[in-house]
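For reference, the structure discussed in these notes is given below.
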Amino acid sequence: MTLRYDRMSGGEGGGAGNGDSEVVLETRSKTKRPPLYKVLLLNDDYTPMEFVVHVLERFFGMNHAQAFEVMLTVHKKGLAVVGVFSHEIAETKVTQVMDFARRHQHPLQCTMEREE
Ligand code: TYC
């Protein structure tokens, strides 16, 4: 939305002044909220279920029951959103999960996707 206001001359002389007038157009620049990013965990056939549960507890602050439930969703559906974050935080989560999985030689995949 563009906000404008017009203001006719003021200042010295007032209405019956020298006849000069002034128009002020002010455009308020729109302040958009930064986009959010979904972090997705993908299923595979090899990563142990307990490892995925541990990842969800460790990097996404879930309790054991939540983590187990989300792991099962990924296992059954193929993927699930495991959190929604700013771009920087989402990138950090993806890197942490991918590094942790690689260090343990599991093929677990984690990605991020911009929210509409
Ligand atoms: N499908 C894996 C198995 O049966 C478990 C699994 C769940 C792997 C979630 C990845 O993101 C994942 N061992």
Side-chain angles (χ1 to χ4, degrees):
M1 198 226 294
T2 302
L3 184 69
R4 296 197 185 87
Y5 59 86
D6 299 351
R7 204 171 47 200
M8 298 301 279
S9 169
E12 351 236 291
N18 62 7
D20 288 356
S21 67
E22 156 182 288
V23 177
V24 177
L25 296 178
E26 235 176 54
T27 305
R28 176 166 55 83
S29 46
K30 196 158 189 177
T31 55
K32 283 191 278 179
R33 284 175 287 109
L36 291 172
Y37 290 79
K38 298 181 282 192
V39 171
L40 304 153
L41 205 59
L42 277 56
N43 187 39
D44 66 73
D45 291 339
Y46 305 102
T47 305
M49 290 185 172
E50 320 82 72
F51 184 81
V52 178
V53 171
H54 180 68
V55 162
L56 293 169
E57 291 170 343
R58 181 172 177 141
F59 298 115
F60 298 93
M62 297 184 195
N63 65 37
H64 193 76
Q66 291 171 324
F68 195 87
E69 196 179 334
V70 172
M71 179 281 297
L72 269 190
T73 301
V74 178
H75 177 69
K76 291 188 216 164
K77 308 255 190 197
L79 83 180
V81 175
V82 297
V84 177
F85 308 96
S86 69
H87 187 273
E88 189 175 5
I89 301 293
E91 236 173 20
T92 300
K93 300 286 180 191
V94 169
T95 301
Q96 286 173 332
V97 172
M98 295 297 284
D99 287 353
F100 191 64
R102 194 176 310 115
R103 286 212 306 275
H104 290 83
Q105 303 189 301
H106 296 310
L108 182 64
Q109 295 294 306
C110 185
T111 61
M112 60 193 274
E113 188 178 280
R114 199 184 148 143
E115 252 195 359
E116 13 274 298

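This one's a predicted model, so the numbers in the text were calculated from it and none came from an experiment. Each ligand, and each atom within it, is numbered from 1 in the order the structure gives.
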Anything under 30° is parallel, anything over 60° is perpendicular, the rest tilted; go ahead and classify F100 against F59. perpendicular
Which of the listed options, D44, L108, L79, D45, holds the heavy atom that is closest to atom 1 (N) of ligand 1? D44
When you measure from atom 11 (O) of ligand 1 to every protein heavy atom, which one gives the shortest distance, and what is it? L42 O, 2.8 Å
Testing V39, L41, V82 one by one against V97 for a side-chain contact (heavy atoms from CB on, under 4.5 Å), which residue passes? L41
Regarding ligand 1, does N43 bring an N or O atom to under 3.5 Å of one of the ligand's N or O atoms? yes
Close side-chain approach of V94 to T111, heavy-atom, < 4.5 Å: no
Closest to atom 5 (C) of ligand 1 (judged by heavy-atom distance), picking from T47, V53, L56, V70: T47
How about E69: does its CD atom have over 12 heavy atoms from other parts shown lying under 6.0 Å from it? no
Hey, is E115 close enough to K38 for a salt bridge, meaning N to O under 4.0 Å? no
Looking only at distances, please establish whether an N/O atom of ligand 1 is found under 3.5 Å from an N/O atom of M71. no
For atom 9 (C) of ligand 1, what is the nearest protein heavy atom, given as residue, atom name and distance? V74 CG1, 3.5 Å
Any chance you could measure L56, atom CG, to M62, atom CE, to the nearest 0.5 Å? 4.5 Å
Starting from atom 4 (O) of ligand 1, what is the nearest protein heavy atom, named by residue and atom, and what distance separates them? H75 CE1, 3.1 Å
